[in-house]
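Presented below is the structure to which this report refers.
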Amino acid sequence: MLDIHFIRENADLVKAGAEKKRIPVDIDRLLSLDDSRKTLRGELDDRRAEQNRASGNIANAHGEEKEKLLEAMRHVKQGMADTEEKYKEVMKEWQELMLTVPNIPDMSVPEGESDADNTEVKVWGEKPTFDFTPMNHVDLMTKLGMADFERGAKVAGFRGYFLKGDGVLLTNAVWQLALKHWTNKGMVPLMAPSLVRRETFMGTGYLPQGEEDLYKTQDGEYLAGTAEVAAMGYHMDETLEMGDLPVKFLAFSPCFRREAGAHGKDVRGLIRVHEFFKWEQVVLCEASHTTSVALHEELNRNTEEFIELLNIPYHTVVNCGGDLGLGQVKKYDIELWVPGENTYREISSASYFHDFQTRRLNIRYRDAEGKMQFAHSLNSTAIPTPRILVSIIENYQQQDGTIRVPAALVPYVGKEILGHSV
RNA sequence: GGAGGAGUGGCCGAGUGGUCUAUGGCACUUGUCUUGAAAACAAGCGUGGGGCAACCUACCGUGAGUUCGAAUCUCACCUCCUCCGCCA
């Protein structure tokens, strides 16, 4: 959510930002509603003042005089009812519109319609060359007993999977290395709920727009697609002290996504599944653009470093305007090389939001002058499993169908080669 | 699932229809005193909206309602706690 004052004073900027994001929004309508809101509010306040003044007199009056005052106030009250009704109507539409106003993308965000227009900003690592035809992760993992997709579908339906044997060892090793990598940087590990109430989804900006991507329970809660939701909710409706900032969480949770708009995409394997696990970086910091930008680079770099530990070729892209979410100011995606598809696939997404989320979640802090400020928020994938296995397995495959374990993971897996028995 | 209790400003907590635009305490800020600090004393100190300002107004879990007037009464919902039952 943006500040209505800011929208009033920077209407053109807000409109241009929405256009860059390809998100339709009627700012002129919002501004005219806001005029009505202010006028009606003023009228109501004046009436209220009158009522409050009279109230004191009524309390002290007696008999006939009191009856006269009461009669007069009944008239005032009738006049207010109408204005109140109008005010409620205006506020309802005002609030709905406010939720549709996107945050303004940064100057450095490139123009573009979709992920096809994202700009590469970094390339790292050497793509492996194979003197045999490399297999994809589905075939490799199935052969090595690391995953079972057929039975996954039998039990869990479309996009279902089991991880098994070395697949579990490898997953667990990634988690442990991640925990070590990020806690060494001073981030606080957090295991967050996936079953989350509607409020927090509104606050993080996933609702009301993203309803169809979420699973919902019969009790009205939603299953989160990322630990960001619960981790951001952690400080909801709280006032933090300057000294508490920055808050840096490394949050773990199961993640659930309906993938409603992606029915034909990535139907095989571990790239796009309904149910997975993710370590997520979630940060609250002081309300400073400079700090947000620095932390954004830092969070993204943390994940790049982790990928470098695994020694997997990747590139980093800056997402174009059309590929940004409602609240995001700027976003980097890290994409890993997938030999089986001969392309890069997204593994991480790092964004900052300024105070867009914290305004909705009411997360504030007292600054050095004692003034209340909305904090800034950021989040970035640390590492998702099992998606990360795709790149590990395909890049580290050997001619005999076995898989070398990346050196950094060997201590956690407990062996150097997966699938020796084959 | 059953029964009961509770939600008040950063925290604790008083307040059951009329100067409550909320008592008091803690914390915090400033000042006096002190070599310095602590203590003591004094003053200030909630968050929004409108206004240049004085000031006006809203907010006591959320939403509706009753009333000239609601933190206070009624209804619904949310959250938390206690006891019983079930249970990894």
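So you know, we letter chains A, B, ... as the sequences are listed, proteins then strands, and number each from 1. These figures come from a predicted structure and were not determined experimentally.
- Just one residue in the list A/Trp175, A/Tyr412, A/Phe306 forms a ring pair (Phe, Tyr, Trp, His ring centres under 6.0 Å) with A/His181, and that residue is A/Phe306.
- A donor atom on one side chain and an acceptor atom on the other are not found under 3.5 Å apart for A/Ser114 and A/Asp323.
- With RNA chain B read from its 5' end, the first of the two nearest nucleotides for A/Glu221 and A/His5 is the one closest to A/His5.
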Decide yes or no on salt bridge (charged side-chain N to carboxylate O under 4.0 Å, His left out) for A/Arg22 and A/Glu111, but give the supporting numbers first. CA-CA 10 Å; A/Arg22 313 303 198 253; A/Glu111 284 286 344; 3.4 Å; yes
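- Following rounding to the nearest Å, A/Met236 (CE) and B/rU79 (C1') show an atom-to-atom distance of 11 Å.
- If you take atom C1' in B/rU72 and the same atom in B/rU23, they sit 15 Å apart, rounded to whole Å.
- Distance check on atom P: B/rU32 versus B/rG36 gives 11 Å, rounded to whole Å.
- Rounded to the nearest Å, the gap between the P atom of B/rU19 and that of B/rC73 is 16 Å.
- With rounding to whole Å, A/Arg360 atom CZ is found 19 Å from B/rG48 atom C1'.
- A distance of about 28 Å separates the C1' atoms of B/rG31 and B/rA22, rounded to the whole Å.
- No salt bridge links A/Asp3 with A/Arg8; every basic N to acidic carboxylate O contact stays at or beyond 4.0 Å.
- Atom P of nucleotide B/rU47 and atom CZ of A/Arg359 are separated by 16 Å, given to the nearest angstrom.
- A/Phe149 and A/Tyr161 have their aromatic ring centers separated by at least 6.0 angstrom.
- Here, B/rG9 and B/rG63 have their P atoms 15 Å apart, quoted to the whole Å.
- The side chain of A/Arg364 contributes an N or O atom lying less than 4.0 Å from OP1 or OP2 of B/rG48.
- Residue A/Lys38 is the one, among A/Asp45 and A/Lys38, whose nearest nucleotide of RNA chain B lies closer to the 5' end (criterion: closest heavy atom).
- Rounded to whole angstrom, the span from the CG atom of A/Asp237 across to the P atom of B/rU47 amounts to 16 Å.
- In this view, A/Lys415 and A/Asp166 satisfy the side-chain hydrogen bond (donor to acceptor under 3.5 Å, both in side chains) rule, not counting sequence neighbours.
- Here the separation of B/rU35 from B/rG46, taken at their C1' atoms, is 38 Å to the nearest Å.
- Relative ring orientation between A/Phe252 and A/Trp279 is described as tilted, the plane-to-plane angle lying within the 30° to 60° band.
- The separation of B/rU67 from B/rC75, taken at their C1' atoms, amounts to 16 Å, rounded to a whole angstrom.
- Regarding A/Glu199, its CD atom lies at a distance of 17 Å from the P atom of B/rC77, rounded to whole Å.
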Could you walk me through whether A/Arg257 and A/Glu259 satisfy the salt bridge (charged side-chain N to carboxylate O under 4.0 Å, His left out) test, starting with their C-alpha distance in whole Å, then the side-chain angles of each, then the deciding distance to 0.1 Å, before giving a yes or no? CA-CA 5 Å; A/Arg257 297 188 181 181; A/Glu259 300 291 353; 5.2 Å; no
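- Comparing B/rG10, B/rG48, B/rG49 against the side chain of A/Thr239 picks out B/rG10 as the nearest.
- In this pair, A/Tyr215 and A/Phe256 present their aromatic rings perpendicular. The plane angle is above 60°, beyond the 30 to 60° band.
- A/Lys92 has a carboxylate O that lies under 4.0 Å from a charged side-chain N of A/Glu96, or vice versa, which qualifies the two as a salt bridge.
- If you take atom P in B/rU34 and the same atom in B/rA14, they sit 41 Å apart, rounded to whole Å.
- Remark: C1' of B/rC11 and CD of A/Glu238 are 13 Å apart, rounded to the nearest angstrom.
- Closest contact between the side chain of A/Ala49 and the listed nucleotides B/rC56, B/rU47, B/rG49 involves B/rC56.
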Heavy-atom protein contacts under 4.0 Å, nucleotides 61-75 of chain B, coded B base, S sugar-phosphate only, - none: ------BBS------
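- Within the 4.5 Å cutoff, the side chain of A/His296 has heavy atoms near those of the A/Tyr332 side chain.
- Distance CD (A/Glu43) to C1' (B/rA58): 17 Å, rounded to an integer number of Å.
- The separation between A/Arg198 atom CZ and B/rU79 atom P is 15 Å, rounded to whole Å.
- Counting only Watson-Crick and G-U wobble pairs whose two key distances fall under 3.5 Å, RNA chain B forms stems of three or more stacked pairs at B:1-7 with B:78-84, B:10-12 with B:24-26, B:28-32 with B:40-44, B:46-50 with B:55-59, B:61-65 with B:73-77.
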